[in-house]
Each structure stands twice: as C-alpha cells, then as structure tokens.
There are 4 protein chains.
Amino acid sequence: MADPKRSNRRGRRSREEILDAATRMMAERGYAATSLSTLSRETGLPKSAVYHHFRSKGGLLSAVMARGAYDFFAAMRAAHAGGPPPGTPRERLDWFLRRTGEMFVSRPDFLRLHLLLVMSSEAAEAEVGALIGQVRRDGRAYMHGMISAAFAGEGAEIARAVADRLDHFAIAGFDGAFVAMQAGSGPDLFEQMRLLAEALAALGEARAGELRVRG
Amino acid sequence: MADPKRSNRRGRRSREEILDAATRMMAERGYAATSLSTLSRETGLPKSAVYHHFRSKGGLLSAVMARGAYDFFAAMRAAHAGGPPPGTPRERLDWFLRRTGEMFVSRPDFLRLHLLLVMSSEAAEAEVGALIGQVRRDGRAYMHGMISAAFAGEGAEIARAVADRLDHFAIAGFDGAFVAMQAGSGPDLFEQMRLLAEALAALGEARAGELRVRG
Amino acid sequence: MADPKRSNRRGRRSREEILDAATRMMAERGYAATSLSTLSRETGLPKSAVYHHFRSKGGLLSAVMARGAYDFFAAMRAAHAGGPPPGTPRERLDWFLRRTGEMFVSRPDFLRLHLLLVMSSEAAEAEVGALIGQVRRDGRAYMHGMISAAFAGEGAEIARAVADRLDHFAIAGFDGAFVAMQAGSGPDLFEQMRLLAEALAALGEARAGELRVRG
Amino acid sequence: MADPKRSNRRGRRSREEILDAATRMMAERGYAATSLSTLSRETGLPKSAVYHHFRSKGGLLSAVMARGAYDFFAAMRAAHAGGPPPGTPRERLDWFLRRTGEMFVSRPDFLRLHLLLVMSSEAAEAEVGALIGQVRRDGRAYMHGMISAAFAGEGAEIARAVADRLDHFAIAGFDGAFVAMQAGSGPDLFEQMRLLAEALAALGEARAGELRVRG
DNA sequence: AATGAATGAGCATTCATTCAT
DNA sequence: CATGAATGAATGCTCATTCAT
C-alpha cells in the first residue's frame, strides 16, 4: 500500500504528512466524514500510522487543532508585527483587519474546521471541546489587543474599556464574514473587513465619548 | 422494532416524525454523523421508511432543509408582522433584531444545520447546494427589507441604497452572533443584537448622510 | 409510480406485461438478480401487481417458465409444420436443424432462462424444478420425433431405435451450440447446426446399419 | 462470530478458505444468489475478510474464476499426461474423452460457475467477462490439441485441418453433455462421451478423406 | 518505530412481502 | 380487481481499531 521507496524510519515526517492531509480533509468535509481509510489512501501511509502517532482518530483531531491554532496565531502575530502606523482608530482598525482578512484567505483550513467543530457538537468530546474553548478565548484576547491598540490614543483605560465592549462583536463580525466567504455569497472579504472596521470605529468612538464624559 | 400498534396507514405522520428527528439530529451532529440506524432507533420507525418517504439519505437532507427554510422564514414574517413602531433607525433596527434574536434562540436547529452545510462542502452535492444558496439569498433579501424599513424615513431611494450596502454585513453579524451563541462564548445573544443594531444604525446614517449631500 | 393514464381495470394486460418483462430480465440476469423493484420500474406497474397476479416471486418464475415453454414448443411446431422434403436422413436433419437454429436466434430468452435454471439449482424449489424436468422431457420427445422422421426411410422400427439412441446426444448438441452462441464464441450457430446434422446422420446411419444386419 | 482461537496471523489460509467456500456456493447458486453474509456464516470468517483479501464481491468472483481455471487446466493436463495409446482416431478420442468426462464428474464446480456466468451476462462486468473469454479460448485450444493428436496418423497438416473444423463442435458437445449431467437428465455422462467420440471420429474421418483427395 | 493483517460493529441501501383500502 | 404505503430482514460495503511482528 505504501510507497515502497518510503523508508520506515522517518516518524517525524510521517506525522507531519498525516497532519497536513487531515487538516485539509477535515476542514473540507468535517470530522465525521473524514475516514482514516481515505486519509491513508491519500497520504500513502498505513492506517496504523495514525494510531502510532496519535493514539486514535480523536487524538488526530486534537493534534490537528493544536497545531492549527499554534500556526494560526503565530501567523497572525507575524502579520501584525510592528503594528499599524499612527492614525485615527478607524485607520488603525483598517490596517489590522485588512491583514487579518489576508490570513483568512490564505489559510482557511484551520478556521473552517474550527467553525465546523463549534457548530457540530462533535466538540462535546472533552479533549477537543477544551481546545476549541481555548482557541476562542485566545482569539478574543487577540482581538482585544487589536482594538485597544487602535484606541490607544484615548488613553489606556478607555482603550481597554472600549475593547472590553467590542471584542466579542468583532469576533462575530469575523466569523460571519468567514462564513459568507465559504458560502461564496456576499461581497469579497476585504469589503466586509472595511465595513467591520468602520463599524468598530463608530461604536468604539461612541463608547469612548461616553466614558470621557463620565470620567 | 416498531410499535406494533402503529398502523401501516399513517404515512404522512411518519414522514413528519422522521423529518423532526432528522432536523434535530443533523443540526446537532452534522449530516455525515447522522446515521439512519440511529434515526430509526430514535423514531421507532424502520430504516426503510426513510427510503419510502425520501428516496435516500440525501433526499432526507433536502427535505429537512426545504421544510426548515419554509418554516424559518414563515416564523420570521410572523415575528415581524406589523413592523416596528415609529422611531429612529436605531430604534427600529433594535426592534427587528431583538425579535430576530428570539427566533435564533427558539429555533436554532435550522440555522445550525444551514451553517454546518455551508462550511462542510457536503453541500457540493448539487441538490442541497442549490437549496443552501437559495436560503442565503432569501435571508439577504429579508435582511434588505428590514434595513430599508428601518431607514424608510430617509426616503425610499436612500433607504434602498443603505440596505444595498449593509445587508451582507448584517447577515455576517447574525451568523457570527449565532456562532458565538453555539460556542457558548460571548455575551448573550441579545447584547450582540443590540450592538449590531447600533452598528448598522451608525453605518447606515453615515451612508445616508453621504447620499443626501450628493443627491 | 404507475402511468396515471393506465386504467386499473385491465388485469389480463398487466399480467402479460409483467410476464414479458420478467422473461426478458430473468433470462438476462438470472432469477436471483432480477428484483421486483426493477421489474416494477421497468413495467411501470406496482410491485404488488406481481403478488396479485402470481402470488410470489417464485410463482412469477413458474409462470414465466410455463408460458415460455408453451410458446417455445408451439413455435417449434409451427417452424417444422409440413415436415422436410424427401431426401437422405442428412438432408432431412439439416432441414430440421436449420429451422430449429432460427428459433434459437429469434427467441433466445426462454432457452437462456431454462439453462440458467438447470445450472443454478434455484430449480431445487420444487415447483420450478418439476417444470424444468418437464421441459427437458418435452424437448427430448420433440427431438426424438425429428430424428425418427429423418430416418423414416429405414422403417419405423429402425427409425425409432436410432432416435432412442441419439435424442439425448442431439439435445446436448443443441444446448452446447446455444451456450457457444451466448458466449459469443465459436462459429455461427448455423454452421454448428450443419455439423450436428452431419454427425447425427453419420451416427444414425451406422446404428441403422447395425440394426439392419441384426434384424 | 469467528473462532476466537483463530489467530489474526493466517491470511493465506483464510484466503483459501473463502475461495473454497465461494467456489462451491457460486457454482451451486450463481453469483448474485451467493451472499457474503452466508459465505461469512459458512466459513466462520468475518465479512470484512472478503474485502481485505479480494477488495469486493466482484473481486472475489474474479479470484474464484482465476483459480478455478488454473486448477482445471492443470488437472486436465495431468489427466491426459502421456497421451492415449496408439490406435484409430476413434479409440484415441475415446481415451481422451473418457478422461475428460472423469474430470467433469470429479470437479464440476468450476464448469458450472463458468456456464452460469456465460449465460447470465453478469459476465458483462468487464474483469470477469475477460476471464471467461480467456477460459473459452483456452478450452478450445485444449480441445484442438486433443483432436489433432487423435488424428496425428493422418499427418500433421490434415490433423490440424480436422481439429480446426471440429474443435468448436467438440466444445459444444462437452458443454451440452455437462448441462445434461447437471439436469440429471440423459444417459450417464460416459455414454455421452462415447457418442461424442464416435461423432468426432466420423466427422473427422470424412473431413480427412476430403482433404486427402484434394491434397 | 512502524506496519500489514485482521476484524466486529455499523453504514446506506434494496429486498420480497403484507395489507388496508 | 388493483394498488400505494409500509416494513423487517438482508445486502454489499466501510469504519475505527487492535495486534503480532
């Protein structure tokens, strides 16, 4: 079944190949619809290799998610390194969101699988459920950082308060835009990002105004 | 297996029972992970009843989607019957979105399955793919109606232009909020709806302002 | 399912339609591989019609065989009506066998199904088994008649003795030639028939010679 | 289901067991009527073993045919090793055919299945169809060898010409005699073989005579 | 460390049949 | 007389998993 030229002394590489294929397939078809037989056929590696490296199909899913999350956030940090140039909150949000949108386009697999699992309650299986929760918390924290950076000009306290209020909303805007992109409906993703930046800026400035008055 | 008291002359009822159970199960676990054996066990009806009524598992999915869409939009129209009381666009959007949010909470199954299918490319199987596209178009048209109703005070032309610009964004806001609700993360759905109303109002008014100046 | 224009008051016709389709399908695919669903789809008549007219799938098989046998032997008698012109046994056998070969070519379904059942021990189911035995006996009797007619010039007694000896062999020659025709191998059926006639003539004359000497 | 003492390290043996049972069952009931469930029950091996060893039910059929053909022709060669003693063509044909008849009686499974497939057009499924054609060609070649050996005394050229003319006819005689044996009708197989030998001798000598005159 | 052989449980689907109308 | 609805049993097949090597 396996390519005979493939040595049997290269565990690390096999692991990565399985992980790559599984990420792609699970993101395309979902967890339940991804069979180890197909995975094996597509990688040229035996089914037992999955058990060798990941203990079970569920373990493979966990690994896929863990690596995906790690890579995703690393890529996010890289994309945003240096931070936006000075400017209005809206300009700064625009800068952040445009770059984030580029990530969505170039690495959709992780997000797709993430949303699939969120919706399908296959997550309920403990281990993965925890990972998903962690990813959502990390995502929100990341978003929080972006928003407060955008409103840094209002002072740290106000920036934080604004971000507290808007981070979930921003996450929802992302998720929704990603769904629309997957559906092939809607305007292109970057147009959506621009509107989201505009909305966040408007909401954030309104909120900052209130706080300035009160403070 | 089946209740022996169940006559063999009640096709319509069996059909509905299967449809109910399938809607719930597919929304919970996804299409692939919903097995006809489990469905049969849960309804007490034989597996062959599915084939009798729906021709195939795919046909059942189509029927689930078709009925779900029909019921969903009917319930939406019922929830919004009469329309919002007079007021500012934001107040009117608030009224619309609060009621829509209630729908999400009370009938999440259809939306869950819809999003699951959008993400999982099981939709690619023709028949269902078309249905999903139709649902998204209908949803967007519905949203368009809500937004232009909210901005009716600006005149029909401007209201329409605003809705043209914002309908996709609003859909994304809904989808994202629904995802957050499913994930159990984020503030409650109604808080999200309020923010979305505020954002749409702000974006819409800015857009209307531009148009008034140009006009 | 059924053609709506088809009245529900025409039992005789439905019966024949089912019989026609079943004869064809069973001859093509065998009894086990002929499903009532397919039969129903192909005739446009409901599956229950089979039970109405034939009591069971096995009953349908019996009816197919019975009608097939009846028709087949009637057609044989028609083809051989009048009998061969005077001539040598070989010429007369040639005449018989050429005409029989024409039957094989023009109505292969019954023979195919017959051989299929003979080989497959689905015949073991009593009712059909008996029918098959009857068909083989009738066939042999028919062949006996042909051979003794061919050798009538040797006198009735010798003609009968020759036919007693050769009828089974002739049947085997027929069956084998029919098999070859179905397999698409071998020379055309009529060449086979000519050789068979030659062989029967040679064998018969040798036998007749022996008998004449003894007598 | 399986014998628990059966180790999971004996693939070769399982393969043969399945092949044996399948050969017998398919020859008895035909391909379509042989179910993997019954096969599994009868071998004590799980259904999945069939897929492990043969990829599909069709693959099992191919393997059954391939092994059957191989064994059959090997046994034929063994039965005819050494060749017939010197004598007239008829004596030599008698020797060949008697031995061949013994094969039919002692190993009827392969031939039964072969004829079943020839008749039932399940063969049309490519892979098996090709195998069947090959078997018929091999059979004919074998028969050709037997006939020309029987007529070797007439010289190689004439012997070949006689065999060219009669091989198909001889095959048909075999097939027909085998059918009669399966049907339980007719005289015993060896009587049929004797008549066939006589017929082939008569036809062959007539043909050889013609050729001698012409040559 | 890595794998091919093997398997039991479960899958979607089709079957022949019954029965109320 | 004729049928559409309904179903339990069985079908061919795929699944995730184990285990000896």
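Quantities reported herein were computed from a predicted structural model and do not represent experimental measurements.
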Please state how far atom [atom1] in [X] lies from atom [atom2] in [N], giving the value in whole angstrom units.
X: D:L39; N: E:dT7; atom1: CG; atom2: P; answer: 13 Å
X: D:R55; N: E:dG4; atom1: CZ; atom2: P; answer: 17 Å
X: D:R41; N: E:dT7; atom1: CZ; atom2: C1'; answer: 18 Å
X: B:L45; N: F:dG8; atom1: CG; atom2: P; answer: 9 Å
X: C:F54; N: E:dT17; atom1: CZ; atom2: P; answer: 14 Å
X: B:Y31; N: E:dC11; atom1: OH; atom2: C1'; answer: 12 Å
X: D:K47; N: F:dG12; atom1: NZ; atom2: C1'; answer: 7 Å
X: C:H53; N: F:dA2; atom1: NE2; atom2: C1'; answer: 8 Å

Which dot-bracket string fits DNA chain E when only Watson-Crick or G-U wobble pairs with both atom distances under 3.5 Å count, crossing pairs get [ ], and | stands for a partner on a different strand? .||||||||||||||||||||
Do any of residues 57-68 of chain A sit with a heavy atom less than 4.0 Å from DNA chain F, and if so which? A:K57
Salt-bridge contact [X]-[Y] (side-chain N to carboxylate O under 4.0 Å):
X: A:R15; Y: A:D20; value: no
X: C:E16; Y: C:R67; value: yes
X: D:E42; Y: D:R24; value: yes

Sub-4.5 Å side-chain heavy-atom contact between D:P46 and D:H52: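 No, too far: nothing below the 4.5 Å cut-off.
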Nearest-nucleotide comparison on DNA chain F, the residue closer to the 5′ end among C:Y51 and A:S56: C:Y51
Heavy-atom nearest nucleotide on DNA chain F for D:A32 versus B:A49: which residue maps closer to 5'? B:A49
Looking only at heavy atoms, which two atoms of [X] and [Y] are closest? And how far apart?
X: A:S35; Y: A:M25; result: O-CE, 4.5 Å
X: B:M65; Y: B:L117; result: SD-CD1, 3.6 Å
X: A:A22; Y: A:L39; result: N-CD1, 3.6 Å

Can you tell me if [X] touches the phosphate of [N], counting only side-chain N or O atoms and a distance under 4.0 Å to OP1 or OP2?
X: C:S35; N: E:dT14; result: no
X: A:S48; N: E:dG4; result: no
X: D:S37; N: F:dT11; result: yes

Can A:K57 be said to sit on top of A:Y51's aromatic six-ring, NZ or CZ under 6.0 Å from centre and within 45° of the ring axis?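 No, cation not above the ring by the 6.0 Å, 45° rule.
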Taking atom types as modelled, find out whether D:S37 and D:S40 have a side-chain donor-acceptor pair closer than 3.5 angstrom.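 No donor-acceptor contact under 3.5 Å links the two side chains.
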Of D:H52 and B:T34, the one whose closest DNA chain E nucleotide lies more 5':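 The 5'-side residue here is D:H52.
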